[in-house]
Structures are given as C-alpha cells and as structure tokens.
Amino acid sequence: MGGGAKATLIREDGLRHDGRRPEELRPIRMQVGVLANASGSAIVEYGKTRVLAAVYGPREPYQRFMVLPDRAILRVRYHMAPFSTSERKSPAPSRREIELSKVIREALEDVVLLSEYPRTAIDVYVEVLQADGGTRVAGVTAASLALADAGVPMKALVAGVAVGKVGGVLVLDVDELEDSHGEADMPVAAAPDIGLVTMFQLNGVLSEDELDRGLSMALTAIEKIVSIEKEALKRKFEAIGEEV
Amino acid sequence: MGGGAKATLIREDGLRHDGRRPEELRPIRMQVGVLANASGSAIVEYGKTRVLAAVYGPREPYQRFMVLPDRAILRVRYHMAPFSTSERKSPAPSRREIELSKVIREALEDVVLLSEYPRTAIDVYVEVLQADGGTRVAGVTAASLALADAGVPMKALVAGVAVGKVGGVLVLDVDELEDSHGEADMPVAAAPDIGLVTMFQLNGVLSEDELDRGLSMALTAIEKIVSIEKEALKRKFEAIGEEV
Amino acid sequence: MGGGAKATLIREDGLRHDGRRPEELRPIRMQVGVLANASGSAIVEYGKTRVLAAVYGPREPYQRFMVLPDRAILRVRYHMAPFSTSERKSPAPSRREIELSKVIREALEDVVLLSEYPRTAIDVYVEVLQADGGTRVAGVTAASLALADAGVPMKALVAGVAVGKVGGVLVLDVDELEDSHGEADMPVAAAPDIGLVTMFQLNGVLSEDELDRGLSMALTAIEKIVSIEKEALKRKFEAIGEEV
Amino acid sequence: MSITPFKMPVIPLIKKQAYLNLYEKGLREDGRRLDKPRNIEVKVGVLDKAEGSALVKLGNTQVLVGVKAEVGQPFKDTPDQGVLVVHAENVPLASPIFEPGPPDENAIELSRVVDRSLREVRAVDLESLVIRPGEKVWNLWVDIYVLDHDGNLFDASMLAVMAALETTTLKDYEELETGEILVKRDSPGAKLKINHRVVTVTTAKIGNYIIVDPNFEEEIIADYRLVLAFDENMRIVGAQKTGSGGMTLKDFKTALKISKEVAQIYFKALEQTPK
Amino acid sequence: MSITPFKMPVIPLIKKQAYLNLYEKGLREDGRRLDKPRNIEVKVGVLDKAEGSALVKLGNTQVLVGVKAEVGQPFKDTPDQGVLVVHAENVPLASPIFEPGPPDENAIELSRVVDRSLREVRAVDLESLVIRPGEKVWNLWVDIYVLDHDGNLFDASMLAVMAALETTTLKDYEELETGEILVKRDSPGAKLKINHRVVTVTTAKIGNYIIVDPNFEEEIIADYRLVLAFDENMRIVGAQKTGSGGMTLKDFKTALKISKEVAQIYFKALEQTPK
Amino acid sequence: MSITPFKMPVIPLIKKQAYLNLYEKGLREDGRRLDKPRNIEVKVGVLDKAEGSALVKLGNTQVLVGVKAEVGQPFKDTPDQGVLVVHAENVPLASPIFEPGPPDENAIELSRVVDRSLREVRAVDLESLVIRPGEKVWNLWVDIYVLDHDGNLFDASMLAVMAALETTTLKDYEELETGEILVKRDSPGAKLKINHRVVTVTTAKIGNYIIVDPNFEEEIIADYRLVLAFDENMRIVGAQKTGSGGMTLKDFKTALKISKEVAQIYFKALEQTPK
C-alpha cells in the first residue's frame with residue numbers, strides 16, 4: 001500500500017495496467033518433482049512470481065526433543081532468494097519472512113494428516129526465486145503440491161491467491177505494482193474440497209461489502225488453481241506411467 | 001560520573017537539587033503480588049525509578065542438563081524496557097545489563113535456601129520500567145520481595161541503595177542527575193537481619209574515610225528499606241486474611 | 001594480491017625487500033610447553049609472525065552428542081587477536097577465519113591417530129598474536145607441535161610454509177608485504193616423513209611450471225621446518241630430563 | 001523456520017469438555033457470555049520518560065505500551081513522512097511460556113498486525129512528523145510490553161497502543177545553525193496528530209463455538225483465532241487468521257458480526273479513558 | 001571452530017567396495033569413465049529481477065546464480081574499483097544434510113574459493129565499474145543458490161557464476177544534481193566487461209583412484225578433493241585441497257593432468273551456451 | 001540471563017579442608033602467606049603491531065594486553081574527549097573452562113571493572129586524544145587477552161593494561177585537505193598522557209580466612225572475592241564484590257587493610273618494569 005497512485009492501475013477501458021480484467025488471474029504454471037534430493041518438490045509461477053517448494057520427511061527431527069507423541073510436527077520456512085527482489089535482499093531472515101513462515105505453516109497444518117506420523121518432522125522449504133506480488137500465496141500452492149508429490153497424505157489440496165483493491169476496484173491476483181500502490185491486499189488460501197479457508201490476512205482498508213465480495217472472488221479463483229494443481233500432479237503420474 | 005558539574009547538585013542551603021537532605025531517601029513505594037501468572041511479583045519505586053520483578057519456580061529448567069544435584073540454580077535477568085530511558089534503549093541485552101544480571105544474582109544467591117530444591121531452577125526477572133538512578137539496587141529490593149511473595153524460603157530479606165558523592169558531599173539514594181554529574185556512585189545491597197553485604201560496587205573516587213562513612217549510610221538506609229519490605233509483605237497477608 | 005607493485009619487492013641485486021634470497025626462510029623460532037593449563041602448547045614465530053597454539057584433550061566433549069563411535073573428533077579454531085593486525089580486528093570470527101579453521105583442521109586430521117580415542121574430542125586452538133604473512137601455515141606448525149607436546153599420537157609431524165610469486169620471481173615464506181603486492185600466494189603444509197601434502201591452496205596466478213617449482217620449494221622448506229620442530233621437542237624432553 | 005508448537009501446556013480433554021458444556025449454555029468459566037469481552041481498564045500517562053504511554057488490563061492480561069519520539073531520518077522512499085516502528089517483546093515475567101531472547105514468531109506477528117492495522121488506514125498522521133523533508137523527521141518507537149499474559153494479546157496491545165498514541169506529545173524543537181535539531185525536553189510540546197482510531201477484535205473458534213476475547217486457556221484449546229481491525233467508521237482496516245485450524249465462510253461471518261459489536265465496546269473504553 | 005563432521009551419512013563399506021571394483025574396470029556407477037564429468041546444461045537469463053543469472057545442471061546437481069548490480073561505495077583502499085561480493089547459501093531444500101541458518105564452513109569455503117579464482121586473475125574488470133572514483137561504484141552481488149546437491153558444488157557453482165557474469169548487464173544511469181545516481185531500470189544497459197573466463201575442476205581421491213566431478217556419494221567416500229581453477233589460457237588461477245586426506249605429489253600430478261582436460265569440456269559448455 | 005554456575009570443576013571437600021588447615025598455619029599451598037601475592041613479571045612492548053602492549057605473569061596466570069590507537073569519531077556527548085574501549089576475551093586456550101564464543105558475563109565483568117577503575121579517576125587523559133573537536137579523536141582499543149588462567153584475572157589484567165597504556169605511543173599525523181587524518185605509521189610519535197596509575201587488588205574469603213591474589217582453585221572454593229582499585233594516592237577508585245557469598249563489615253575492613261599493602265607491591269612492580 002502507501003504511495004500515491006503513481007501508475008494508472010486501472011485504465012480507462014476498465015482493464016488493469018497489464019491488460020488483465022479485474023477478475024483475471026495471471027498465467028499460472030506448475031510442475032512437480034523438479035528436485036532429485038527432496039521427498040517432494042514443486043515449482044509454481046503466477047505471472048513473474050516464481051516459487052520453489054521442497055518437502056523432506058516425515059523424518060526423525062534434527063533435535064530429538066522436538067517431537068510430539070501423537071503426531072508429526074510441521075516445520076516451514078518461507079525464504080526469499082537474495083536475487084528475487086528489485087533490491088538485493090539480505091539472506092538473513094527478516095521479520096516479514098518469520099511471520100510468513102508461520103502463516104504458511106498454519107495454512108497447511110489443518111490439511112496434512114500429521115497424526116499418521118507420530119514423533120517425526122515434516123519439513124517444508126519455500127524459496128521465492130522471483131517476487132512480483134503474491135509470493136506467500138504462490139508459496140502455499142507450491143508447498144501443497146510438494147507435499148502431495150512427497151506422498152504425504154492430506155485431507156485436500158490447498159491453494160492461495162491475493163485479492164486487491166486498486167483505484168477503487170477489487171482485482172484478483174495482485175502483482176507487485178498493484179500491491180505497492182493499491183488500497184488493499186488480501187491474501188487468502190483455502191482447501192476448497194473441504195470448504196475451509198486456511199490463510200486469511202488483510203493489509204489495507206475495505207468496507208464489509210468489499211470484504212465479502214473479495215473473499216468470494218478469492219475462493220472462486222482458488223478452486224480454479226486447485227484444478228491446475230491436480231493437472232500438474234496427474235501429468236507427473238502419467239509420466240511415471242509412461243516410464244514403467 | 002563524567003561531565004562537569006552542569007547542574008548545582010548541592011544548593012547553598014546544603015540541600016540537594018531536588019530538595020532532599022544528603023542522607024534522605026527518595027519516596028519509596030512497594031507492592032507485592034502485582035502479576036497473576038508469576039509465582040511471585042513485586043513493583044518497587046525509589047522516586048521516579050520504577051522496577052518490576054517476577055519469580056517463576058522452583059520449576060524444572062527449560063534445558064534439562066542445566067541443574068545441580070544438591071540445590072536449585074538461580075537464573076536472574078536484569079533488563080531495561082525500551083521506554084525506560086531518555087533515549088530509547090535497544091531491547092537486545094547490553095554489556096551493562098549482562099554484568100548487572102550477574103551482580104543481582106550474586107546479591108540474592110547467599111540468602112535463598114537453594115538446597116531446599118535440588119535439580120530445579122528459580123527464575124528471577126527484573127524489568128526496569130523507568131530509570132532515574134539506582135535501578136540495580138531497586139531491582140535487588142524488588143527481586144527479594146518477589147521471592148518472598150513466591151514463598152521461596154530465604155535466610156533474610158535483601159534490599160539495596162546507592163550512595164553517591166556529589167559536590168564533595170556523600171548523599172544517599174542518588175538519582176540519575178546526581179549519578180551522571182557526581183564524583184562517585186556506590187551501589188550496596190545487604191541482608192541486615194543476618195549482617196551481610198551481598199552487593200558492593202564502587203564507580204568513582206573515594207577516600208578510605210568516605211568509603212567507610214558511605215557504607216554506614218547505606219547500611220542504615222537498607223535497614224529502613226527492609227522494614228518497608230516487611231510492611232509490604234504484611235499488607236499482602238492481611239489482604240489475604242480479609243479475603244478468607 | 002591486488003594493488004600495483006607499490007614497493008620494490010625484488011631489488012636490483014635479486015634479493016627481496018627485507019634482504020632475503022628468494023628461497024630463504026625468515027628466522028624461525030619455536031618453543032613448546034609454554035602454557036600451564038593446556039594439555040600441550042607451542043609458540044611459533046616466522047619472522048614477525050607469531051602464533052600460539054594449545055591443545056586440550058582427548059576429553060569428553062562439551063556437548064555429549066558431538067562424538068564418533070570409532071574415533072576422536074578434532075575441533076580446530078584459528079583466531080586472530082584483535083591487536084595482531086595493522087587495523088584492529090573485530091574479535092567476532094570472520095569468514096576468513098572460519099575457512100582457515102577448516103583448512104587447518106584438514107591439514108592435521110590425517111596424521112593424528114584419532115581412532116585411539118573413540119568418543120572423545122581433541123581441541124586445538126590457534127591464536128595469531130602477530131600477523132605478518134603466513135599465519136595459517138605457522139598455525140599448522142604450532143598446532144602440530146602442541147599436539148606432540150600434549151602427547152597425542154601422530155603418524156608424523158606436520159609443518160607449513162607459503163610460497164609466493166613477486167615481481168615474477170618465486171619466493172619462499174612470503175611476508176605480509178609480499179602477500180599484499182605479489183602475484184600469487186600458495187600456502188602448503190605437509191608431513192614429509194610420510195610423504196603427504198595435507199594443506200594446499202593457491203591464491204593467485206601461476207603457470208603449470210611455476211606451480212611445480214613452487215611446490216618443490218615448499219616441500220624442501222617444510223622438511224627443514226619439521227627438523228626445527230623436532231629440535232624444539234627435544235629441548236623440552238632434555239629439560240625434563242635435567243629436572244629429574 | 002516456523003515449527004508446530006510442541007511445548008505448549010496441555011489442557012486436559014476433560015477440561016476442554018467442561019468449557020464446551022458451558023458454551024452450550026451460552027456461558028464461560030468466568031461467567032461471561034460468548035460474545036462479551038472481559039473487563040477493560042485503560043490508564044494513560046503512566047511513564048515519565050516516554051512521550052506517550054498506556055497500561056491496559058483486559059481481565060488478567062496486562063499490557064504496557066511506551067511511545068518514544070526521537071529525531072531521526074525518514075525512509076528513503078518516503079521523505080515526506082515520519083517513521084513509525086511497532087515492536088513487541090515477550091517479556092518473560094509475563095508468562096511461564098515466555099523465555100528470554102529476541103522476539104519469536106508470535107511476538108513478531110503481534111507487532112506486525114498492530115503495525116499494519118495502524119499503517120494502512122493512516123491512523124497516525126505521518127506527514128505531520130516531518131521536520132525537514134528528506135532529512136529530519138520524528139521517529140516514533142511504539143514498544144509493546146506484555147506484563148501478564150492471560151490471552152488476547154492482540155486486542156489488549158492495540159488498545160494500549162492506541163491510548164498511548166492518542167496521548168503522545170511531541171516536544172518543541174529548534175533548528176540549530178549546524179542543521180542539528182535541538183529538542184526542548186521540558187517544553188509543553190504538541191499532541192501527536194491522529195487521523196483514525198483503530199481497535200482489533202479477536203474471536204476464537206472452539207468446538208462449534210465462536211467466542212470473543214479468549215483467555216489463555218481458551219487460546220490453547222482454540223482451533224484458530226480471527227483478528228479483525230476496525231476504524232471508527234467501522235471499515236475493516238486489517239485482518240489475520242492465526243492458528244492452524246481452517247475456517248468456514250459461515251464461521252467467518254459469525255465472527256465478523258460479533259466483532260463489530262465488541263469493537264464498539266473497545267471504542268467506548270478508549271473514549272472514556274481519563275486523559 | 002571447525003569440527004570433524006559427525007553427522008554425515010555413512011556409506012556402507014560394501015557399497016564403497018562396489019565403487020572401487022567399478023573404478024578398477026575404469027567405470028563409475030553411472031557409466032562414466034573416471035576422467036569424465038557428468039552431463040552439463042547451462043541456461044542463462046533465467047531470472048527477471050537479476051542483472052545476470054544462470055542455472056547449471058551438472059548431472060543431478062543444480063545451482064542457480066543471480067547477479068545483482070547496485071550503486072554503492074568502493075572499498076576505501078580500492079577507490080578505483082567496483083565491488084564484487086560472492087555469497088553462497090546452503091539452501092535447505094537442496095539436500096537432507098543442509099539445515100536452515102547462516103552459511104556454514106562448507107558454504108563459506110565454496111564462496112571464497114569461487115571468489116578468489118575470479119579475483120586473482122581479474123576475471124571481472126572491476127575498474128570498469130567505477131561511476132565516480134572513490135565515491136560511487138557498481139557493487140556486484142553474486143549469489144550462489146544450490147537447489148539440488150548431488151556433489152561437486154565447486155564446479156557447478158563456478159560454471160553458473162561465470163555464465164551469469166558473462167550475461168550481466170549494467171543499466172544506464174544518470175547523475176543527479178544532488179550527486180545521487182539514478183539508475184534507469186528499463187534501459188538496455190551495457191554488458192559487464194569480462195577479462196577472463198574461469199572454470200574450476202574438482203577431482204577426488206578414492207581408494208587408489210583419482211576421479212573427476214564426484215557425485216555426492218563419491219564425495220562422502222573420498223579421502224580428499226582437489227579443486228583447480230583455470231583461465232582460458234590454462235593458467236592456474238586458484239587451488240584448494242578440501243577434505244582431510246593427505247595428498248601425494250604423484251596424485252597431484254595425475255589430478256592436474258585430468259583436470260586440464262576436463263577444463264576444456266567446461267569451457268566448451270560455456271562457449272556453447274545460447275545467450 | 002545470569003545463571004548459577006553449574007559446570008565448574010568441583011574441588012573435593014577433602015582438598016578444601018587441606019587448604020583451610022594450611023591457612024590456619026598462615027600458609028598456602030605454594031608456600032605463600034595469606035596476604036602475599038604471587039611472583040609478578042611485567043614485560044612491555046611485546047607486540048609490534050600494537051601501539052602499546054604488555055605481558056603479565058602473576059604466578060601461572062598469564063595475560064597479554066594490546067592497545068591499538070585508531071583515528072575515529074568521539075562520542076556525541078563528549079566531543080572533547082578521545083574514546084577508550086576495554087574489551088576482554090576468554091580465549092579458550094587459557095583454560096579448560098573457557099569455550100569459544102562471545103565474551104560471557106565473567107569476561108564482561110572483568111573488562112567493565114577494569115574500564116571503570118581507569119575511567120572514574122581519569123587515569124588516561126582523554127582530553128589529550130582530541131584531533132579535531134567533535135569530529136576526529138583517537139580511539140584506544142585495549143584488548144585483554146588471557147593466555148593462561150590460574151586465578152586472579154582482575155589484578156593480572158589491570159597490571160597488564162596499566163603497563164601497556166604507560167608505554168603506548170600515538171603516531172604523528174597530518175590533516176589532509178579533504179579533512180582526512182593521515183597517520184604516519186613509521187613516525188616516532190608521542191607517549192600517551194597518563195594522569196594516574198591504577199592497580200586493583202583482589203582478596204578472597206575462604207572459610208574464615210581472607211587471602212589475597214587467589215589462584216584458580218582458591219577462587220573455586222571462595223565464598224566471594226573483593227576487588228578494590230587504588231590510584232597512586234591510595235584513593236579508592238573502584239570496587240566490586242564478585243561471587244555469591246555475603247560479606248561482613250569486619251571482613252571488608254580486613255580485606256581493605258591487606259589490599260592497601262598489596263597495592264604497594266603492585267605499584268612497585270609497575271615502577272620497576274624495564275621500558
């Protein structure tokens with residue numbers, strides 16, 4: 001937020017600065033199984049935002065006391081590569097990264113069947129390779145895919161998207177420019193197959209009506225993104241089928 | 001210390017800059033049981049200096065190996081709130097705070113009956129909310145009260161006070177202004193009921209005679225402060241009596 | 001490296017800036033058993049470079065899990081005293097010190113009979129008291145001596161020396177001036193009695209032929225330095241003999 | 001690295017059931033209804049060395065906030081604004097679950113949610129903090145100091161922050177010839193300019209119930225909490241789901257409805273604070 | 001404190017023997033000869049927000065490098081040179097043996113060996129990075145990001161760093177009246193000036209054999225590795241023995257011979273990278 | 001967080017009794033009387049790269065001190081004074097109880113007691129360290145490096161610091177047109193101006209005895225130690241009780257009496273140091 005409307009975020013024809021309609025997603029690309037060492041991995045792109053996620057585990061935790069007797073613990077790190085941003089980002093974890101690691105962990109924790117693996121840890125590493133808005137929600141999507149790729153049982157797939165308000169208009173899947181100059185940014189993640197919102201944040205100012213409509217926009221889009229996730233997973237299993 | 005005598009610390013009538021006589025304490029206020037979670041707590045004011053102390057334990061230490069087979073260990077943190085000083089204090093522990101945590105621990109360690117609780121830890125947290133000179137000695141007083149409030153058995157109550165030398169005169173209970181511009185600051189803590197000095201530091205320059213007299217002044221004052229401690233504890237038990 | 005040839009490193013008479021011939025070592029001094037607490041210790045000087053090493057152990061490691069079932073682990077710290085350099089060095093370990101600690105550990109690990117002491121740690125502390133070039137190689141020499149002084153069994157003694165290239169000439173035992181303005185610095189350590197090079201680094205540019213010749217120069221010098229080590233150890237045992 | 005909490009106190013199942021049985025009757029352990037906050041006390045001007053301060057008690061939860069104003073530099077990309085920094089610490093005397101050390105993810109989340117809820121709606125008039133554009137501005141350090149943690153640190157902290165900011169005074173100053181700014185420590189100064197009053201309201205989902213202003217034990221057994229920030233015009237100026245449970249749309253709407261009512265109670269508490 | 005690794009995966013003796021038996025026949029597990037590197041893929045320009053970038057796959061090892069160019073100050077003792085910083089991180093998604101946290105001794109060694117091999121031969125023309133001598137120069141941040149660790153991070157990283165630097169563009173800029181430098185983010189810019197192309201070649205000593213480009217398991221069972229850096233004129237521009245085994249002169253010479261040949265393969269891979 | 005030491009070596013009770021039996025006879029394990037310090041050796045000028053240095057042996061305790069003088073800025077509130085920083089490190093080669101890492105509370109206490117004892121009496125003439133008021137002053141870094149720890153680090157360190165300061169030389173310098181200060185490294189320079197000579201004397205309470213200059217084992221069994229700092233006029237210029245035992249007034253007076261005598265021995269050792 002902040003800053004004046006330096007750029008014209010909504011053009012005269014009602015389209016956005018990059019030509020999208022308000023409820024239009026950026027091109028989304030996904031691929032799973034992109035890393036050899038990890039138990040599961042995925043790369044996800046929302047336009048120019050590119051996020052890589054990897055899962056290790058369930059495995060014995062590095063520090064033995066860090067366990068729960070009745071289920072696995074989830075350990076999540078959201079991290080930005082130094083070259084992912086316009087100005088080089090220091091590799092030390094920022095306060096923002098610490099908060100988002102928590103928010104992403106909590107967006108996943110309710111769908112992973114942790115009780116299947118007592119006394120173990122499941123590690124999820126989310127690395128932002130290129131940041132152009134929506135990195136945390138693309139991160140949730142990538143993490144969910146990597147968990148599925150690792151064969152970790154889940155109640156449902158999770159995906160995320162951010163709704164924004166720019167020039168008074170609610171828009172879907174905000175990019176960095178819209179995020180910096182808009183009036184609101186509302187990152188949402190959900191598991192539509194079980195009807196649960198698992199991440200919900202609002203940075204900005206909305207009326208109650210806008211909040212309602214924005215949330216609906218987000219949930220509709222998330223259904224679409226989850227179906228793209230399913231295709232990506234299917235492609236992988238088909239590929240394995242071909243290999244056999 | 002340091003600085004020239006920017007302020008007139010001793011006025012022509014022989015009184016101090018705030019109107020006190022050389023051997024006069026600032027108004028002292030104490031209250032115990034001010035926090036709900038802590039095993040024991042106390043707030044202590046020496047004039048504008050305000051210190052809050054809390055005790056947790058005896059309890060199993062966070063790190064299991066951190067114990068002694070024959071007695072409890074004492075863990076003390078002296079810490080200044082960021083808003084306690086004229087310039088905001090960074091919350092990271094300074095070298096000064098590390099030294100004073102040690103000095104306060106050692107001022108308490110000989111009076112607490114640690115051997116009653118082998119293999120446990122007793123945690124004492126001293127938070128300076130407002131700093132106007134004498135924070136470490138007010139901290140010892142608050143910590144001693146909080147220990148008593150927590151029901152930790154002690155040989156005797158401890159209290160502290162700082163003696164200073166300003167404009168060539170020995171003064172009791174120095175405040176920040178006197179500390180910054182005076183010639184010496186001598187923080188003392190003692191358990192008068194068993195005749196032991198448990199904290200003794202001198203920052204500044206004194207003759208042997210001044211040291212002797214200063215120490216006597218401090219010990220006389222400490223007796224008075226311990227009696228105020230006893231009243232504060234009595235008030236609490238009376239209050240409990242009324243409740244029953 | 002870097003910098004132009006500000007100083008004339010090779011004089012017209014073919015000698016070096018300090019009057020040495022290209023293949024001439026600086027005066028080397030060594031003494032073992034210089035510290036009372038350590039299991040073994042040594043001080044080593046290459047000209048103005050002065051390094052102190054101490055060994056503790058084999059002993060139970062501070063952190064119990066930090067062991068190997070079939071042999072001792074070696075823990076090495078290379079550290080520069082704040083007053084060892086022209087500009088005061090911050091006492092926090094630099095990236096350079098972290099790398100050199102590893103390089104020195106690896107220069108010793110193959111000669112120490114670690115399998116004699118399973119489940120223990122042998123700690124080697126290398127402190128640079130004065131830095132005038134060649135501190136890591138003097139450090140290896142000092143560490144090897146301190147290990148011998150501690151009675152830790154070794155296959156052979158290790159020593160180190162740096163070969164440089166200045167003004168186009170290969171020179172032995174470079175000092176700081178030659179290191180800063182020369183074209184190459186090649187630190188080498190070896191255990192000549194068993195024919196093994198245990199440290200090998202090159203910072204700078206050499207032809208294959210220069211590399212060959214430089215390595216030979218280093219190995220010849222290292223034989224000489226090892227014989228000085230043996231004398232230093234002999235002096236100690238003679239001294240003990242006299243005492244008996 | 002964010003890690004599933006593995007050291008939190010365990011509330012026995014039987015106790016949780018007791019809570020749920022009470023909720024079924026529309027009540028809570030302390031006699032409150034599900035949609036009512038605890039008793040609120042707000043005291044301002046409690047610290048002499050801070051330019052603004054407040055102590056808030058929300059039931060047994062106690063939060064102390066100090067605001068320090070210092071002359072400093074603006075951020076490079078906002079030369080025409082002062083600087084507002086919100087910082088929260090888990091002071092270990094506040095709870096047996098706090099350990100000394102730098103702020104953990106919970107303290108960081110707390111300060112960031114408070115910060116965003118103020119920042120997005122421009123609650124503090126940062127433009128009025130400029131002394132010399134691009135060079136000298138007021139830096140406001142807002143330090144949240146939790147003294148006693150019995151749940152709902154979000155609402156208690158936001159109340160204390162708001163009350164402290166509303167009573168913050170910026171001292172008079174003088175520009176010296178050298179360009180330095182001399183702050184007159186003993187001057188009366190002027191009130192900090194506040195554009196909007198903001199509160200957060202926290203609800204928690206426990207079993208099938210939505211309750212407001214959870215205490216510590218309720219937080220432990222909650223599936224998740226929802227923090228909603230409102231300004232005096234009842235616009236939503238911030239939100240955060242915290243905790244790992246998933247939220248249905250229906251529950252969200254219920255929570256929003258309850259929160260709007262409780263916001264009024266919080267606003268009233270701020271309104272009635274003696275200044 | 002450098003400590004003998006005590007947490008590395010253990011390769012069973014029987015497996016090590018199997019490797020040695022294959023080496024005896026001149027072969028390796030993946031069918032390679034002892035003196036051949038794995039398949040090399042180099043892709044440049046893979047990152048939009050970096051001024052230069054490359055992704056290198058060396059077998060299953062994947063390294064991503066981004067180069068960021070920012071206007072900053074020169075070092076005090078080199079007012080007429082830009083600043084080059086090489087940094088490597090053990091990103092934990094790359095390997096089960098990496099833990100989150102600041103770079104450990106291995107990551108530091110990696111970045112320092114790469115840095116020295118570039119610096120000593122002046123591979124990057126640092127003089128051309130000066131904007132205003134002593135005051136404003138380009139700072140080049142070269143970040144090595146290991147994505148998948150299957151051994152030989154030295155060679156893969158150096159290939160990626162070199163490819164990234166060779167395709168790095170410095171944006172046009174303007175000096176403002178205030179002395180500030182305004183970088184024109186959307187300008188075409190100019191190529192970074194490279195004086196020399198550098199590669200490193202890593203060999204490993206296992207049993208009585210010298211092999212090149214070890215994979216992760218080979219690194220675990222190796223006595224030591226030897227990293228040799230070459231420029232395009234086949235001068236040796238850096239070297240590092242890493243690992244605790246001692247090296248004979250004979251083995252050194254064998255390793256040098258193999259390395260020189262493999263350097264040509266690496267140079268060719270860089271040469272043939274589509275730009 | 002200061003924690004009761006729980007890892008110190010345990011001196012068996014029987015050994016402690018043996019010490020006490022000796023004290024009863026007025027003697028100590030090494031033949032000393034209770035009120036006598038160990039043998040003192042002071043060597044100055046032992047480091048080439050430091051502007052001042054000294055090595056002190058007090059029995060088996062060895063402390064090395066280096067003083068570095070660098071041109072820097074004054075503190076904002078003392079524009080007319082140079083800067084003196086005292087820093088102590090527990091170098092791990094000095095004792096099996098030292099671990100590598102940043103200074104712990106003991107090292108911090110050591111450096112702060114030494115610092116205060118110098119500072120309060122203005123032992124070093126900080127005013128003479130000003131180069132350009134408010135802008136450029138000499139910064140003196142006094143680094144205490146304990147090489148062998150056999151007790152009484154306070155007295156040994158203070159002796160070494162004093163001897164090092166008394167032989168510290170400030171190089172000549174030149175003000176360049178740019179305002180920079182060019183230090184002439186090879187100039188003869190001038191002696192640092194010292195106003196007062198300071199020593200500390202440490203006594204320890206063990207059983208019913210007060211002993212001076214305790215060795216390491218005596219420190220372990222002591223109830224507390226008392227550090228008293230004196231200047232050459234025998235004013236008391238600093239004090240610190242360290243250790244957790246309580247002190248009676250009577251013991252304080254005994255300790256003060258002994259300390260005054262030992263201070264003379266220390267002063268003589270400094271006096272007689274060849275320079």
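Chain naming here is simple, since letters A, B, ... match the order of the sequence lines and numbering starts at 1 in each.
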Angle class for the F:Tyr145/C:His79 ring planes (parallel below 30°, perpendicular above 60°, tilted otherwise)? parallel

Under 4.5 Å heavy-atom distance to chain C, tell me which part of [X] shows up: side chain, backbone, both or neither.
{"X": "F:Pro92", "value": "both"}
{"X": "F:His87", "value": "side chain"}
{"X": "F:Glu51", "value": "neither"}

Residue pair [X] / [Y]: nearest heavy atoms and the distance that separates them:
{"X": "F:Leu64", "Y": "C:Leu129", "answer": "CD2-CD2, 3.9 Å"}
{"X": "C:Arg50", "Y": "F:Val46", "answer": "NH1-O, 3.0 Å"}
{"X": "F:Glu99", "Y": "C:Arg75", "answer": "OE2-NH2, 4.0 Å"}
{"X": "C:Phe83", "Y": "F:Leu47", "answer": "CD1-CD1, 3.3 Å"}
{"X": "F:Gln62", "Y": "C:Val34", "answer": "NE2-O, 3.3 Å"}
{"X": "F:Lys49", "Y": "C:Ser84", "answer": "CD-O, 3.5 Å"}

Test C:Arg88 against F:Asp143 for side-chain contact (heavy atoms from CB on, under 4.5 Å), laying out the working first. CA-CA 10 Å; C:Arg88 179 182 185 262; F:Asp143 280 288; 2.7 Å; yes

Counting heavy-atom pairs under 4.5 angstrom with chain C, the leader among F:Pro103, F:Pro100, F:Pro96 is F:Pro96

Would you say that more than 12 heavy atoms from the other residues, nucleotides or ligands in this model lie under 6.0 Å from the [atom1] of [X], or not?
{"X": "F:Lys171", "atom1": "NZ", "value": "yes"}
{"X": "F:Lys275", "atom1": "NZ", "value": "yes"}
{"X": "C:Arg29", "atom1": "CZ", "value": "yes"}

With rounding to the nearest 0.5 angstrom, report the CG to CG distance, C:Asn37 to F:Leu147. 11.0 Å

CG/F:Asp48 to OG1/C:Thr49 distance, rounded to the nearest 0.5 angstrom? 10.0 Å

Is it the backbone or the side chain of [X] that comes under 4.5 Å from a heavy atom of chain F, or both, or neither?
{"X": "C:Ser86", "result": "both"}
{"X": "C:Ala92", "result": "neither"}
{"X": "C:Ser41", "result": "neither"}

Let's test your reading of the structure: which of C:Lys48, C:Glu87, C:Glu127 forms the most heavy-atom pairs below 4.5 Å with chain F? C:Glu127

Are the side chain of F:Lys68 and the backbone N or O of C:Pro82 linked by a donor-acceptor pair below 3.5 Å? no

